[in-house]
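Notes to accompany the following structure.
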Amino acid sequence: MKRRRLARRFAFVPIAVAIASAGCAGATVRQLGPREEHVRPAGVVQIRWRTQLHEHGLFEPTPEECATGVIANGRLVIGSRANAIVGVDMNQGHVDWATTASGGIDSEARFDPEHGQVYLGADDGSFYAVDPSGGAIRWMYAAKGAIERGAAFGGGGVYVATAADRVFSLDAATGKWRWQYERETPDGFTIHGYAGPRLQANTILSGFADGYLVSLSADAGEVIWARSLAAVSDQFVDVDSTPAIVGDVAYVSSYSGGLYALSPKDGGVRWRLGIEGAGEVKVADQRLYFAAPRAGVHAVDLSGHVLWRQALTAAGDLTVPVTVGPYLIFSGSRAGLFIVERDSGKLLEIFNPGSGICAAPTVDADKGRLYVLSNGGALYALDVVN
């Protein structure tokens with residue numbers, strides 16, 4: 001039976017919140033001036049500017065734009081489903097350059113400072129190395145399966161995962177193929193999404209739809225160890241989260257098994273928190289933050305004890321949380337950008353531009369600013385007020 005991907009469905013406990021409207025639908029770029037001139041006392045995020053990257057058709061059903069940008073050489077480099085990669089001025093919001101891609105882009109861009117290039121993948125399997133200064137494509141590799149996860153890189157190699165349950169390695173300088181590894185995909189239904197690769201020292205950790213987390217040698221792609229994280233279930237066993245590694249512990253989740261802490265050396269399990277659908281983990285200040293479809297957003301200590309949980313209403317797919325000062329920020333594909341208090345889990349604000357936000361925000365720590373692409377194709381710069 002042909003394998004099919006199922007979108008995650010969210011049924012959270014209702015909670016009353018105030019939704020902040022974008023209010024800039026008519027402009028292509030809008031400059032709002034210095035931060036002190038537009039501070040709202042009750043607001044956490046303030047719109048700095050708005051730039052339309054993709055004009056969706058009037059009758060286009062439920063558009064989604066899931067691409068996340070990266071800061072490189074003083075610009076934000078980001079793709080969109082308009083089959084384009086753009087370099088955007090971060091202060092004014094105008095597009096400095098635009099490069100045509102062969103397919104729509106939903107991937108997370110990554111900047112490789114050693115080679116001075118940005119990596120992005122497209123839905124048709126094309127993988128690009130782009131010059132962030134002018135947008136020139138340095139090389140392109142055609143792979144099998146959509147590329148949505150951010151690439152890992154180091155030691156002269158680039159490591160990429162695709163929706164076809166395949167991990168491959170390329171030479172960073174030339175784009176030449178080095179090796180690939182893939183697992184037999186399970187029959188029936190699997191959860192929408194897949195894991196990205198994580199590079200540590202000379203090994204790659206990556207999860208697969210059959211419920212396995214696999215450690216590969218970075219130089220040759222040989223299997224070091226493979227461990228099932230499927231727990232007791234034989235359905236929806238996907239390991240769709242990119243592992244987070246801190247010291248000698250890797251944190252990774254499977255849909256049926258929940259969150260695991262294990263050894264990256266041999267896959268030995270330290271502990272497991274059995275929360276169905278636990279997503280990718282953000283590690284910050286001795287805490288683990290993640291979202292789960294039914295149970296909501298969690299803060300967990302490094303021993304696996306839940307510190308707080310925040311349930312949300314019909315948020316849609318949630319991105320991995322990012323930390324900005326005292327806040328935890330993540331996107332909900334149906335509801336917009338959520339701002340939560342890190343210490344308590346209190347929901348402070350939702351920024352909803354009207355069409356939801358599928359993309360994860362890009363954090364500019366120096367400016368205290370976020371850049372995020374809405375499902376309507378508008379790129380927003382948002383100042384974060386501490």
Could you tell me which non-hydrogen atom of Ala218 sits nearest to which non-hydrogen atom of Trp179, and how far apart they are? O-NE1, 3.0 Å

Is the shortest distance from a Lys or Arg side-chain nitrogen in Lys367 or Asp383 to a carboxylate oxygen in the other one below 4.0 Å? no

Please confirm whether Tyr159 and Tyr119 have ring centers closer than 6.0 angstrom. no

Using every non-hydrogen atom in the two residues, find where Ala250 and Pro264 come nearest and quote the distance to one decimal. N-CD, 3.9 Å

Non-hydrogen side-chain atoms of Trp97 and Val77 separated by less than 4.5 Å: yes

Charged N to carboxylate O below 4.0 Å: is that the case for Glu341 and Lys346? no

Heavy atoms of Glu276 and Ala292 approach each other most closely as O-CB, 3.7 Å

Looking only at side-chain N and O atoms, does Ser253 offer a donor or acceptor that is under 3.5 Å from a partner on Ser241? yes

Is a side-chain donor-acceptor pair under 3.5 Å present for His298 with Gln310? no

Cationic N near anionic O, under 4.0 Å, Asp89 to Arg75: no

Can you see whether Tyr327 has Arg342 sitting over its ring - NZ or CZ less than 6.0 Å from the centre and within 45° of the normal? no

Closest heavy-atom contact between Ser126 and Ser102? OG-OG, 2.8 Å

With a 4.5 Å heavy-atom cut-off, do Val340 and Val297 have their side chains touching? no

I'd like to know whether OH of Tyr141 has more than 12 heavy-atom contacts from other residues, nucleotides or ligands below 6.0 angstrom. yes

Glu222 CD to Ile204 CD1 distance, which is reported to the nearest 0.5 Å: 13.5 Å

Heavy-atom side-chain proximity of Phe153 to Arg110 below 4.5 angstrom: yes

Could Glu64 and Arg334 be called an ion pair, given the rule that one side-chain N must be under 4.0 Å from one carboxylate O? no

